[in-house]
Amino acid sequence: MENICSEWKILLEKVKMAIIPFNFGSINQNQMEAFKLLKNKKLNMTLSILGMVIAIALAYSVLVFLNKDESKMQKTSANAEAPAQGLMYEDLGDFIASNHTFYNETLGWGRDRKVSWPKQRKQAELIINSLKKISSENEDLQKDLGTITSMAETVQSGTKEKDVLIKLHRYFHDLDIGFNDYKDTTDYFDVTEYKGES
């Protein structure tokens, strides 16, 4: 640190000596040396800052890449475990929450303007297959699951009706509130038979 301060003091002295007696007609040796040093210091500082920016950008890129790679590995391992157990979801609550999240991410907040129908058909197939293994003893909830199956079959058949998707989303939304006590919203569409355990 002391070394850097003394270099700056020397540089400032040379600059003062070069500028104070500066004659616009000619440049003496001290003035030329001071300008070279000043130019080199600015260049070095600029290169140092640029180097730091590049290093930070590279570090950030590596972190982003590693996070994406890690999340892919987690998804792959989770998908590999599910078929081995023969279950897509841990229980009915997980089934409802997972599908609510799917529809939030694919249809919520204006995303319904650009629907990925292949993705929606694949999800509908997953819902239908899951509901072959999932049921409820609650009569109202079982009716809602039947309605969900019917709507999922409509989507899976290739029909491109956004209203059906929106209604599916609303069913999972209301069931998530009633069954899982979901509290991240005040919206309630009142489309389900099931209103929660009294």
Side-chain angles (χ1 to χ4, degrees), residues 59-198:
Y60 179 76
S61 298
V62 168
L63 278 173
V64 168
F65 175 77
L66 291 176
N67 281 341
K68 282 184 182 178
D69 196 35
E70 183 179 312
S71 67
K72 282 181 187 175
M73 285 175 47
Q74 287 174 348
K75 285 180 184 176
T76 303
S77 66
N79 290 342
E81 289 172 14
Q85 299 169 349
L87 297 172
M88 298 295 175
Y89 304 97
E90 289 180 28
D91 57 20
L92 181 55
D94 184 37
F95 169 76
I96 292 167
S98 295
N99 282 289
H100 183 206
T101 299
F102 171 82
Y103 287 114
N104 273 344
E105 291 173 354
T106 60
L107 300 175
W109 304 287
R111 293 187 192 110
D112 62 333
R113 288 186 212 113
K114 189 172 180 177
V115 175
S116 169
W117 289 103
K119 192 175 197 175
Q120 294 297 332
R121 280 192 293 280
K122 185 176 179 182
Q123 188 67 21
E125 183 180 356
L126 180 64
I127 290 168
I128 293 164
N129 290 334
S130 297
L131 286 175
K132 290 176 183 173
K133 299 171 186 157
I134 296 173
S135 62
S136 173
E137 292 180 11
N138 181 291
E139 209 172 291
D140 289 336
L141 186 51
Q142 193 59 42
K143 284 181 191 174
D144 291 331
L145 296 177
T147 304
I148 287 171
T149 300
S150 177
M151 288 187 287
E153 287 169 346
T154 302
V155 173
Q156 187 190 28
S157 73
T159 304
K160 293 184 178 182
E161 294 180 39
K162 282 187 189 179
D163 292 343
V164 174
L165 291 178
I166 291 168
K167 196 168 183 183
L168 258 172
H169 182 196
R170 289 179 177 178
Y171 262 78
F172 282 112
H173 176 93
D174 286 1
L175 287 176
D176 209 5
I177 291 170
F179 192 82
N180 292 328
D181 204 27
Y182 179 78
K183 294 191 184 308
D184 286 356
T185 185
T186 57
D187 295 334
Y188 188 75
F189 300 103
D190 200 26
V191 294
T192 58
E193 298 289 326
Y194 181 80
K195 305 296 183 198
E197 297 295 326
S198 299

Between [atom1] of [X] and [atom2] of [Y], what distance do you get to the nearest 0.5 Å?
| X | Y | atom1 | atom2 | value |
| --- | --- | --- | --- | --- |
| Leu145 | Ile134 | CG | CD1 | 8.0 Å |
| Leu131 | Thr149 | CG | OG1 | 4.0 Å |
| Asp91 | Ser136 | CG | OG | 11.5 Å |
| Ser150 | Ile128 | OG | CD1 | 9.5 Å |

Considering residues at least two apart in sequence or located in another chain, which fulfil the side chain to side chain donor-acceptor pair (under 3.5 Å) criterion with [X]?
| X | value |
| --- | --- |
| Lys183 | Asp181 |
| Gln120 | Thr106 |
| Ser98 | Asp94 |

Quiz item: Going by heavy atoms in the side chains, are Leu165 and Trp117 under 4.5 Å from each other?
Solution: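 Result yes, sub-4.5 Å side-chain heavy-atom pair found.
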In the structure I gave you, are the side-chain heavy atoms of Val164 and Thr159 within less than 4.5 Å of one another anywhere?
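Not in contact.
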*Sort and list the pairs that fulfil salt bridge (charged side-chain N to carboxylate O under 4.0 Å, His left out) and have at least one residue in residues 137-164, not counting sequence neighbours.*
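Matches after skipping sequence neighbours: none remain.
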message: Once salt bridge (charged side-chain N to carboxylate O under 4.0 Å, His left out) is applied, what residue pairs with a partner in residues 113-130 remain, sequence neighbours excluded?
response: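 Matches after skipping sequence neighbours: none remain.
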Please tabulate, for the side chains in residues 166-180, all donor-acceptor contacts under 3.5 angstrom to protein atoms that are two or more places apart in sequence or on a different chain.
{"unit_1": "His169", "atom_1": "NE2", "unit_2": "Asn104", "atom_2": "OD1", "d": "2.8"}
{"unit_1": "Tyr171", "atom_1": "OH", "unit_2": "Val191", "atom_2": "O", "d": "3.2"}
{"unit_1": "His173", "atom_1": "ND1", "unit_2": "His100", "atom_2": "NE2", "d": "3.1"}
{"unit_1": "His173", "atom_1": "NE2", "unit_2": "Asp187", "atom_2": "O", "d": "2.9"}
{"unit_1": "Asp174", "atom_1": "OD1", "unit_2": "Phe189", "atom_2": "N", "d": "3.0"}
{"unit_1": "Asp174", "atom_1": "OD2", "unit_2": "Phe189", "atom_2": "N", "d": "3.4"}
{"unit_1": "Asp174", "atom_1": "OD2", "unit_2": "Asp190", "atom_2": "N", "d": "2.6"}
{"unit_1": "Asp174", "atom_1": "OD2", "unit_2": "Val191", "atom_2": "N", "d": "3.0"}
{"unit_1": "Asp176", "atom_1": "OD1", "unit_2": "Asn180", "atom_2": "ND2", "d": "2.7"}
{"unit_1": "Asp176", "atom_1": "OD2", "unit_2": "His100", "atom_2": "ND1", "d": "2.7"}
{"unit_1": "Asn180", "atom_1": "ND2", "unit_2": "Gly93", "atom_2": "O", "d": "2.9"}

Decide side-chain contact (heavy atoms from CB on, under 4.5 Å) for Leu107 and Phe102; before the verdict, give the C-alpha distance in whole Å, the side-chain angles of both, and the deciding distance to 0.1 Å. CA-CA 8 Å; Leu107 300 175; Phe102 171 82; over 6 Å; no
Taking all heavy atoms of [X] and all of [Y], pick out the closest pair and write down the distance.
| X | Y | answer |
| --- | --- | --- |
| Thr185 | Tyr182 | CG2-CE2, 3.8 Å |
| Ala152 | Ala124 | O-CB, 3.3 Å |
| Ser135 | Leu92 | O-CD2, 4.4 Å |

